[in-house]
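First the structure, in the form of C-alpha cells, and then the observations on it.
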Number of protein chains: 2
Amino acid sequence: MTSISSVQIRYSWASDPMSDQKTTSDTRERILDVAERLFMENGYEATSMRTITSAAEVNLAAVNYHFGSKEALLCEVFRRRLAWLNQQRLQALDELEAQAAGAPLKPSQILEAFFGTLLRMGEDPSLGGMTFLRLLGRTLTEPAEFIRTFFAGEYAQVIDRYKLALFRALPDVPKAEIVWRLHFMLGAMSYAIAGTDVLQVVTGCELGDLAGESADDPGDTALARRLAQRLMPFLLGGLRAPLPQFHELPFPSPPTPPPRGGRGDS
Amino acid sequence: MTSISSVQIRYSWASDPMSDQKTTSDTRERILDVAERLFMENGYEATSMRTITSAAEVNLAAVNYHFGSKEALLCEVFRRRLAWLNQQRLQALDELEAQAAGAPLKPSQILEAFFGTLLRMGEDPSLGGMTFLRLLGRTLTEPAEFIRTFFAGEYAQVIDRYKLALFRALPDVPKAEIVWRLHFMLGAMSYAIAGTDVLQVVTGCELGDLAGESADDPGDTALARRLAQRLMPFLLGGLRAPLPQFHELPFPSPPTPPPRGGRGDS
DNA sequence: GTCTATAGGTGGATAGAC
DNA sequence: GTCTATCCACCTATAGAC
C-alpha cells in the first residue's frame, strides 16, 4: 500500500508539481514546508507550534493530529528529504562500484557521490533547496538527544557504505584517520550549508557575494552550485593531506617551533 | 595578577586558582561555570534559568541581578573566554610577524596560531576546557540574532588580522577563495569541537576512542591534544588544495550526468 | 547581595463538538 | 479532518522584604 500505484504515499519528495496540489492532504505538506522554513530560520527550540500553524494557516491541533508531537514533526521534516537523499547516495555508490568492476574508487568519486548529491539538492526547490540544506547544517549540531538518535538511524547505512569505500580507496591510510577526516569533512560541509557563519557577519557579506553574484541575486540555485565548486576541492585536499606526525611532543608544533621538516609549506 | 595590582577585574579568565576561591563574588563565577556546562549540554533555548540556578545552588533572582538577562548571561559566558582567546591569537600573530621581519608567514604558522591557540584551551580546565570548546562549536551555528551579532563583535578584529595574514601568505590565491576556505576551516573546527557528530552515534564511539584511548579514559586533555594533531593537517590540506576549475559546466563532474527527470527513484 | 513571591506570558498537548 | 476552548506546566523577569 505504501509505495505503488496511485495511493498517496507519505514522502512528499515524491511530489510532482501536479500531484502536490490537492491530494488527500494539502495540509500535511503545507505544515511540513512551513516547519522546514521556520525551523531553519529560528532553530527547533525557538520555533513554537503556534508560529508554525499560523504561518501555514492551519489549525493548531492539526500538527498533533498529523504528526503526533513537535518532535515527530521535526523528524518527519527530515525524513521526507533524507529518504530520497540517502537512497541517491547509495545508488551513486552502486553505480560507481559497478563501473569500477572491483577496483577501488577514487577519493574524488566518493566525495562527489556523497557531498555532491547533497549539495545538488540545494539547487532544486522541490527537494527543499537551500532551506533544507541550511536546516540540515544547523540541526546536525543540535544537542537534543532525540535528534541525534534520529539522525543516527537515518545515516547508519549510508555512512557505513561510504566508510568502507574510503577504506578501500585509501588503503595506506589508517582507518581511524579516515574516520576522523570524514568527521572533519562533514563538519566543513554542515557549517558551510548552515550559512550562519561569523565570517558573514564580520565581512558583512553573504556567500553569494563571495561567489561574485553581488547585485542581481541569482538565488539559491547559483549559490548551491558555487558552494559545491568551492567546497569539493577543499574537502579533497583535506582528505588527502599528509598524515600527522606523531612524536612524543605534546603538540605537533607550537607557534614558535623547532622548524623541523614537516611538509615544507612555503 | 594578570594585569594590574589587586583590583578584582570582571573576566574570570584572570583566575589563578587562589583568587578564584572567595573573592567578591563566588556566586557570579559559579553561575557562569554552571551555565557554560548546561548550555553546552542542552543548548541555549532548552536550558532554563531555573535549571541553571538550581544546579549552581544560587537563587533564581541572582542571575538577573548579576547579568541582567538570560541573553546577557550567555554573552558573558563567552566573553570571559573569548577575551582571553582573541588576545592570545593576536599576540601569537604579532610574534610570528615580528620574527618574520616583513616576510609573509607560512600558512601552517597562521593556522597554528589561530586554531592551535583555541584547541589548546581544551586542555586547560581553568580556561573552560572541552566544555567551552563544545559550547563554542555548537553556538556558532545558532540562528539567534543576538548571538550572531555578539560573535561578530568579538571576532571582528581577529578575523580581519588573520585574513590579511592569509592573503599575504597565499598571494597567488584569489582573496575570495581564501575567505571561502577560511569559512570551511572554521566549519570543520566548529563541528569537530562541538562533538555532536552523527558519526559518533553511528559508530557508537567517542572521539577519544578513535584516538586510541578506549579503556582508561585520559579525559578531555588528551582528547583536545589528539584532536589538534588530527585537525591541523586536514585544515592545511584543505587550505592548500588545488583551486577549483571553473568551466561552463554547471557542476564539476556529476557521477551520472543528466539523470534530471522526475526523481529517478527506482 | 540574597531571598520569596509573583506577575505576566507562552509553551505543547488534548478533549470534544462538528 | 478540522476547529474551539482549555488545561497546566513552565518560562523570564521583577518587586520588594531582609
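Here is the naming used below: chain letters follow the sequence lines, and residue numbers restart at 1 for every chain. Just so it is clear, the values below take in all heavy atoms, side chains as well, and ignore hydrogens, waters and symmetry mates. Note that the coordinates shown come from a computational prediction; the quantities given were computed from them, not determined experimentally.
A search for side-chain hydrogen bond (donor to acceptor under 3.5 Å, both in side chains) contacts involving Arg161(B) returns Asp94(B), Glu97(B), not counting sequence neighbours. With sequence neighbours excluded, the residues satisfying side-chain hydrogen bond (donor to acceptor under 3.5 Å, both in side chains) with Ser48(B) are Thr51(B). Remark: Arg181(A) pairs with Glu177(A) by the salt bridge (Lys or Arg N to Asp or Glu O under 4.0 Å) rule, at least two apart or across chains. Judged as a ring-ring contact (aromatic ring centres under 6.0 Å, His included), and not counting sequence neighbours, Phe67(A) has no contacts.
Residue pairs meeting the side-chain hydrogen bond (donor to acceptor under 3.5 Å, both in side chains) criterion with at least one partner in residues 63-73 of chain A, sequence neighbours excluded, do not occur; the list is empty.
OP1 and OP2 of dG1(D) both lie 4.0 Å or more from every side-chain N or O belonging to Thr27(A).
The distance from atom NE2 of His66(B) to atom P of dT14(D) is 15 Å, rounded to the nearest whole Å.
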Exercise for the section: Let me have a per-nucleotide readout for nucleotides 4-18 of chain C, 5' to 3', with B, S or -, counting only protein heavy atoms under 4.0 Å. Expected result: B------BBBB----
